[in-house]
Protein chains: 2
Amino acid sequence: MGHHRADVVDAAVRLLDEVGLEALTMRRLAGTLGVRPSALYHHFSGKDALLGAVADEVLDRGRRPTEVVAWQAELRLVCVELRDIMLAHRDGAALMARARSLGVGAAEPMNRMASALRWAGAEDEVARVGARTLFHYVYGHVADEQTQQQSAGDGEVGPPASLDFSVGLSMVLDGLATRMGLPAGAG
Amino acid sequence: MGHHRADVVDAAVRLLDEVGLEALTMRRLAGTLGVRPSALYHHFSGKDALLGAVADEVLDRGRRPTEVVAWQAELRLVCVELRDIMLAHRDGAALMARARSLGVGAAEPMNRMASALRWAGAEDEVARVGARTLFHYVYGHVADEQTQQQSAGDGEVGPPASLDFSVGLSMVLDGLATRMGLPAGAG
DNA sequence: ACCTGAACACCGTTCAAGT
DNA sequence: ACCTGAACACCGTTCAAGT
């Protein structure tokens with residue numbers, strides 16, 4: 001009875017956190033809204049479009065204010081922000097992968113990374129490849145974290161994931177610096 | 001009428017190449033074998049187990065003989081082999097991601113990378129993180145390639161993907177070398 | 001603009017029973 | 001050991017029709 005697009009996205013984010021990506025179903029989502037499944041197609045052309053909107057909404061909610069820092073530190077901040085966003089929602093990494101593979105949404109983080117690199121003086125190819133590499137690193141790491149914490153649940157292991165993330169990120173940033181003809185280790 | 005596990009896996013690989021991962025369905029697979037869907041559950045406990053077996057089969061088929069080379073070159077060979085395997089099958093990257101997220105199969109490439117790193121003298125943490133980073137790089141790159149070539153199809157763009165892959169890989173290997181206290185650029 | 005009702009063409013999985 | 005028959009509990013999507 002009178003929902004808007006934003007209401008549907010809100011409900012979808014809540015449902016995602018409750019039941020996970022696999023159980024995030026058009027029929028189930030309609031149920032939580034007290035509406036018939038077919039009603040959702042008034043707001044979205046299909047499930048793909050809905051998932052793209054959910055991914056962008058989640059990205060937007062986790063956005064932090066920009067700080068003025070050196071380029072390596074900025075890339076680090078963007079990557080940490082992206083990881084935190086993915087970790088903030090059940091199956092967050094899988095959601096981003098799904099949206100990207102459907103070619104709908106979730107493009108902003110990589111664009112920010114590429115911008116930072118170009119601003120730092122990287123050639124176009126290095127900026128493009130570097131941004132992709134960083135994004136894939138973050139996504140892959142968080143995807144592993146979330147599938148592990150899904151299969152564990154009992155023995156608390158806890159914080160070493162963040163440390164591993166930081167170490168690997170430094171590695172990629174070092175490689176990036178080397179490619180740009182700068183000394184490694186500033187990050 | 002008398003299929004074995006291996007027959008089912010073979011048919012699944014063929015069907016994957018024909019119709020893609022999304023349409024690789026238990027019912028459809030049963031159809032190509034001239035069998036009822038329920039018959040498949042005699043060979044596999046469920047779809048997840050089947051997909052894991054498919055991933056491992058594909059990995060095994062693409063395996064190349066080991067060459068004796070420097071560690072950076074060896075890592076490069078493993079990564080190139082992994083990319084070629086994924087590219088050799090429709091939705092190859094998505095298949096590996098799916099298997100990994102289900103915690104079934106597709107673990108061998110990362111193990112080989114970690115071994116190569118330990119053999120080269122890397123500390124345990126660097127070997128673990130390095131292998132993960134390399135695997136995620138390869139997977140992410142190929143996943144992008146395959147979703148792009150899925151949405152393109154018309155204007156031939158072609159080879160630059162391989163070049164981008166090589167550049168990004170060198171970047172990661174440089175970062176790895178730096179972390180190990182070695183000069184970058186040997187790869 | 002937003003929704004219902006009803007249908008279409010599918011899914012994965014289980015389980016008793018057959019040979 | 002390998003398979004059938006039949007069912008259960010779901011899917012995404014379409015489309016005419018209602019308010």
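Throughout, protein chains are lettered first and strands after them, A, B, ... in sequence-line order, and every chain is numbered starting at 1.
Of the candidates C:dG12, C:dC2, D:dC2, C:dG12 carries the atom nearest the B:T25 side chain, counting heavy atoms from C-beta on. Listed nucleotides: D:dT13, C:dC11, C:dG12. Nearest to the side chain of B:R28: C:dC11.
Ion pair A:D91/A:R98 not flagged as a salt bridge, since none of the NZ, NE, NH1 or NH2 atoms sits closer than 4.0 Å to an Asp/Glu carboxylate oxygen. A salt bridge is defined here as a Lys NZ or Arg NE, NH1 or NH2 lying under 4.0 Å from an Asp or Glu carboxylate O, and A:R63 with A:E108 meets this definition. Salt-bridge formation is detected for the pair A:D10/A:R61: a Lys NZ or Arg NE/NH1/NH2 atom is positioned less than 4.0 Å from an Asp or Glu carboxylate oxygen. We find that A:R112 and A:E81 are joined by a salt bridge, their nearest charged nitrogen and carboxylate oxygen being less than 4.0 Å apart.
The side chain of B:H3 places no N or O atom within less than 4.0 Å of a non-bridging phosphate oxygen (OP1 or OP2) of D:dC2. For B:H43, no side-chain nitrogen or oxygen approaches OP1 or OP2 of D:dA1 to under 4.0 Å.
One can place CG of B:L29 at 14 Å from C1' of C:dC11, the figure rounded to the nearest angstrom. One atom, CG of B:L51, and another, P of C:dT13, lie 10 Å apart when rounded to the nearest Å. To the nearest angstrom, C1' of C:dT14 lies 17 Å from NZ of B:K47. Atom OH in A:Y41 sits roughly 6 Å away from atom P in D:dG12 (whole-Å rounding). Between the CZ atom of B:F44 and the P atom of D:dC3 there is a distance of 12 Å, rounded to whole Å.
Base-pairing analysis of DNA chain C finds the following stems of at least three consecutive Watson-Crick or G-U pairs, with both pairing distances under 3.5 Å: C:4-8 with D:12-16, C:12-16 with D:4-8.
The aromatic rings of A:Y139 and A:F135 lie parallel to each other, their planes meeting at an angle below 30°, with 60° marking the opposite boundary.
Distance check on atom C1': D:dC11 versus C:dC8 gives 12 Å, rounded to whole Å. Distance check on atom C1': C:dC3 versus D:dA16 gives 13 Å, rounded to whole Å.
With ring centers used as reference points, B:F165 lies under 6.0 Å from B:H141.
Interface residues of residues 10-20 of chain A facing DNA chain C, ordered by number: none; criterion, heavy-atom separation under 4.0 Å.
Applying the side-chain hydrogen bond (donor to acceptor under 3.5 Å, both in side chains) test to residues at least two apart or on different chains, none of the pairs has a partner in residues 113-127 of chain B.
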Would you list the protein and nucleotides 4-8 of chain D atom pairs, both N or O, that sit under 3.5 Å from each other?
{"unit_1": "D:dT4", "atom_1": "OP2", "unit_2": "B:R36", "atom_2": "N", "d": "2.7"}
{"unit_1": "D:dG5", "atom_1": "O6", "unit_2": "B:S38", "atom_2": "OG", "d": "2.8"}

Considering only nitrogen or oxygen atoms on both sides, find all protein atoms under 3.5 Å from nucleotides 16-19 of chain D and state each distance.
none

*Test log, rule side-chain hydrogen bond (donor to acceptor under 3.5 Å, both in side chains), inputs B:R83 and B:S162*: CA-CA 10 Å; B:R83 173 167 177 262; B:S162 291; 3.1 Å; yes
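In this structure A:D48 satisfies the side-chain hydrogen bond (donor to acceptor under 3.5 Å, both in side chains) test with no other residue, sequence neighbours excluded.
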